[in-house]
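The structure under discussion appears below in the form of structure tokens.
Not measured: the values here are computed from a predicted model. The basis for the numbers below is simple: all heavy atoms, side chains too, and nothing from hydrogens, waters or symmetry mates. Position 1 is the first residue of the sequence, and the numbers go up from there.
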Amino acid sequence: MTSTGRFTLPSEENFAEKTKELAELWGADAIRNSDGTHLDESVLALGKKIYSAYFPTRAHNEWITLHMDETPQVYLLTGRVLAEADIVDVPLMDGFFEEQLKPNRDADPHKYWEVVDRTTNEVVDASLWTLDEDTDTVHVSGATPMHEYTVSFLAYIIWDPVEMYNHLTNGWGDKEHEIPFDIYHPATRKFVFDTFEQWLKDNPQVDVVRFTTFFYQFTLLFDQKQREKVVDWFGCACTVSPAALDDFEKEYGYRLRPEDFVDGGAYNSAWRVPRKAQRDWIDFLSGFVRTNVKKLADMSHAAGKEAMMFLGDQWIGTEPYKDGFEDLGLDAVVGSIGDGTTTRMIADIPGVKYTEGRFLPYFFPDTFYEGNDPSIEGLDNWRKARRAILRSPISRMGYGGYLSLAAKFPKFVDTVTHIADEFRDIHDRTGGVAAEGELNVAILNSWGKMRSWMAFTVAHALPNKQTYSYYGILESLSGMRVNVRFISFDDVLEHGVADDIDVIINGGPVDTAFTGGDVWKNPKLTETLRAWVRGGGAFVGVGEPSSLARFQAGRFFQLADVLGVDEERHQTLSVDKYFPAVTPEHFITADVHVDPAAREAWEKAGYRIPLSGCGGGQGIKPLGGIDFGEPIANTFPVNEDVTLLRADGGQVQLAVNEYGKGRGVYVSGLPYSAANARLLERILFWASHNEDKYTAYSSTNPECEVAVFPDAGQYCVINNTDRPQSTDVALPDGLIEHFDLDQSAIAWRNL
């Protein structure tokens, strides 16, 4: 151990001796409790800095059971029910977990609920439906046969979703369910602040209040089988109340509909192109949440304690990248480290004194069980985080869960010892300064800066089939030798493109927040970006960039001329598309391994005979060598001047295009891998005309990356795999340095 500190250790009751032993082994300078655990006096007496998890809006059933109309609420959308006559019954709770959710029958349903004919999308007049409170069924009269009907209704959240998850995961049996409460109600708000004031007096030993988190849970709804039904880490669905809706109307001058929350069943996913009502609610909610967060922070400081926010659980309304976050007075933010992207999401947060990462695995029985080796997940998690930490340091690290479980796995204990020492060593060597970035790269989407490092996410660091081909962009960038920022379409429309931006990336599926949707109908956007690229800028499109769902002016990609590629939407099948021959050798693909036999077969096979509607430059055999993820069908070159680098299966996967003094690049998808990260890195350097800067401090092995710290006079090479790797690093003076790295290793050299 070269140094100690920068490590937060979870502990629990009756575990003081082992806690002391592990704290010394791991160099911990702080101890915290986890959900469902408490620190006893012998642990407090160890002399470490004490974090205490604090839940402002749960764990006080003695209050909320007397005020059950002041729990948080959510608009729920029933299943669609087919009318077979002029009367149709819609059951409310089919598909929802009744231990979590309960219809709000207290506020007038005819004022706050909505019945919709989903076939016509028309709202059914309130006089035509009634609620049967005994069966929680809505009876609709005057229905049109063969039309589908839904009810959007307010429901109380009667079991805190995070406590429920922990309860079910850890088998807490008959432990009392913790009921959440909503501080929008004055009586409950007073209770929350009075309770916290007393807690501060009763807990003088606590140094850091770890708010877990504040007031409103992200959208997390379960079905009758206790499975996740709706999960959206950005979702604001669980933030409503009749009082808040009424106040919103007074402040903004219009009334929100239930549909503004249920959104036809999409529940305002962050993938949806944000609408005015959604943005206004976020602003309204944020104003309320932030006012009260600041009060909690101020109270903590007055009691001589730090205020730390956990970026998770009830984080809705805080939006740490939204302007004004720094005014809340929080000392720190801690968040779960799932990968490089989530590491950057935490590390880049402005306006706090320090950031802390909670590494995986969580010390829970779903990982720490006999026969499993948690050290595998621990090292994998560390490797993903480390490449991002080199680019944007976090100040502290830690773990969560039951320390008694982790202590039963000696190999894991040794693994954490190694990780903690390496984490501190990186900080000691670099002084907490980020590695040097060579280029400035901007991610362009609807959310922009407000959701930095949050694009393409559904649930925290969990990929799915429809997202991984885009999320890989962020994961690649998180540890790359570039500086990354996030800009919105509104930024470009209002201010143009900043002078210091080298490359803009726009990627995602059509009609999403990430490609922009109808924003491309504004000609000023295309004018601005075209002019910027023609003047020497670089535009990289992934998936369906700059796309409009409706065929407009003969183009699907509105910047097809910049990218050199468009997508056939079955509107121009009568117009032939001719593919130039694929160019297998290029700066961008120089590190792509293609099996020699596959290359030979590709060359011998020749090219397809031109077909009507598709072209003659496609190889009969696929050239391959790159994982493009989920395919984008029917992409084609807009002219024969485009350089195709991959065009397997009748569509373009990778193409480059000269555009005035600038360049465009099209990629159909980019799941994360070392090879794809290298591919993207080369794309960025080529597109921005910076090929001459590429070689210095580059690694010949994509599984290894280099980070340079000029102020510290050092550079390091990391092995991002669980296998030994060898690589050569080119130095600026032309010399080559060879590295043989053990699994997960890091090697340091002086500049």
> What do the steps show when you test Arg555 against Thr526 for side-chain contact (heavy atoms from CB on, under 4.5 Å), and what is the final call?
Replying inline: CA-CA 12 Å; Arg555 291 290 197 216; Thr526 51; over 6 Å; no
> With sequence neighbours excluded, what pairs up with Tyr149 under the ring pair (Phe, Tyr, Trp, His ring centres under 6.0 Å) test?
Replying inline: none
> Does Lys229 make a cation-pi contact with Phe96, if we ask for NZ or CZ under 6.0 Å from the ring centre and within 45° of the axis?
Replying inline: yes
> Could you go step by step and tell me if Phe215 and Asn292 meet the side-chain contact (heavy atoms from CB on, under 4.5 Å) rule?
Replying inline: CA-CA 9 Å; Phe215 313 124; Asn292 289 284; 3.7 Å; yes
>> Trp315 vs Phe310, test: ring pair (Phe, Tyr, Trp, His ring centres under 6.0 Å). Steps then yes/no.
In response: CA-CA 8 Å; Trp315 78 285; Phe310 175 59; over 10 Å; no
>> Closer than 3.5 angstrom, by distance alone: can the side chain of Ser488 be matched with the main-chain N or O of Asp491 as a donor-acceptor pair?
In response: yes
> Between Phe153 and Tyr75, is a ring pair (Phe, Tyr, Trp, His ring centres under 6.0 Å) present by the stated rule, with each step listed?
Replying inline: CA-CA 5 Å; Phe153 65 100; Tyr75 268 117; 8.7 Å; no
> How about Thr213 and Tyr54: do any of their side-chain heavy atoms sit closer than 4.5 Å?
Replying inline: no
> How would you list, by chain and number, every residue that makes a ring pair (Phe, Tyr, Trp, His ring centres under 6.0 Å) with His147, sequence neighbours excluded?
Replying inline: none
> For the rings on Tyr468 and Phe456, is their centre-to-centre separation under 6.0 Å?
Replying inline: no
>> The test is ring pair (Phe, Tyr, Trp, His ring centres under 6.0 Å); show your working for Tyr254 and Phe248 and say whether it passes.
In response: CA-CA 8 Å; Tyr254 70 97; Phe248 177 93; 5.3 Å; yes
>> Tell me every residue that passes side chain to side chain contact (heavy atoms under 4.5 Å, CB included) with Asp125, counting only those two or more places apart in sequence or in another chain.
In response: Ser127, Leu128
> Would you find more than 12 non-hydrogen atoms of other residues, nucleotides or ligands less than 6.0 Å from Phe288 atom CZ?
Replying inline: yes
>> For Lys449, run the salt bridge (charged side-chain N to carboxylate O under 4.0 Å, His left out) check against Asp490, Asp348, Asp323 and tell me which one passes.
In response: Asp323
>> Is it the case that the ring center of Phe539 lies less than 6.0 angstrom away from the ring center of Trp532?
In response: no
>> Let's go through Leu439 and Asn483 carefully: what are the C-alpha distance in whole Å and the side-chain angles of both, what is the deciding distance for side-chain contact (heavy atoms from CB on, under 4.5 Å) to 0.1 Å, and is it a yes or a no?
In response: CA-CA 6 Å; Leu439 306 174; Asn483 307 310; over 6 Å; no
> Passes ring pair (Phe, Tyr, Trp, His ring centres under 6.0 Å), Phe196 versus Phe193? Steps please.
Replying inline: CA-CA 5 Å; Phe196 184 54; Phe193 284 106; 7.9 Å; no
>> Apply side-chain contact (heavy atoms from CB on, under 4.5 Å) to residues Met454 and Tyr321 and explain how you reach the verdict.
In response: CA-CA 10 Å; Met454 298 175 181; Tyr321 290 99; 4.0 Å; yes
>> Restricting to side chain to side chain contact (heavy atoms under 4.5 Å, CB included), what partner residues turn up for Asn268, sequence neighbours left out?
In response: Asp263, Arg275, Gln278
>> Just to verify, which of Asp223, Thr219, Val262 counts as forming a side chain to side chain contact (heavy atoms under 4.5 Å, CB included) with Val230?
In response: Thr219
>> List the residues meeting side chain to side chain contact (heavy atoms under 4.5 Å, CB included) with Pro72, not counting sequence neighbours, and say none if there are none.
In response: Ile157, Pro180, Asp182
> Is the distance between the ring centroids of Trp520 and Phe489 less than 6.0 Å?
Replying inline: yes
>> Tell me every residue that passes side chain to side chain contact (heavy atoms under 4.5 Å, CB included) with Ala270, counting only those two or more places apart in sequence or in another chain.
In response: Phe234, Trp447, Arg451
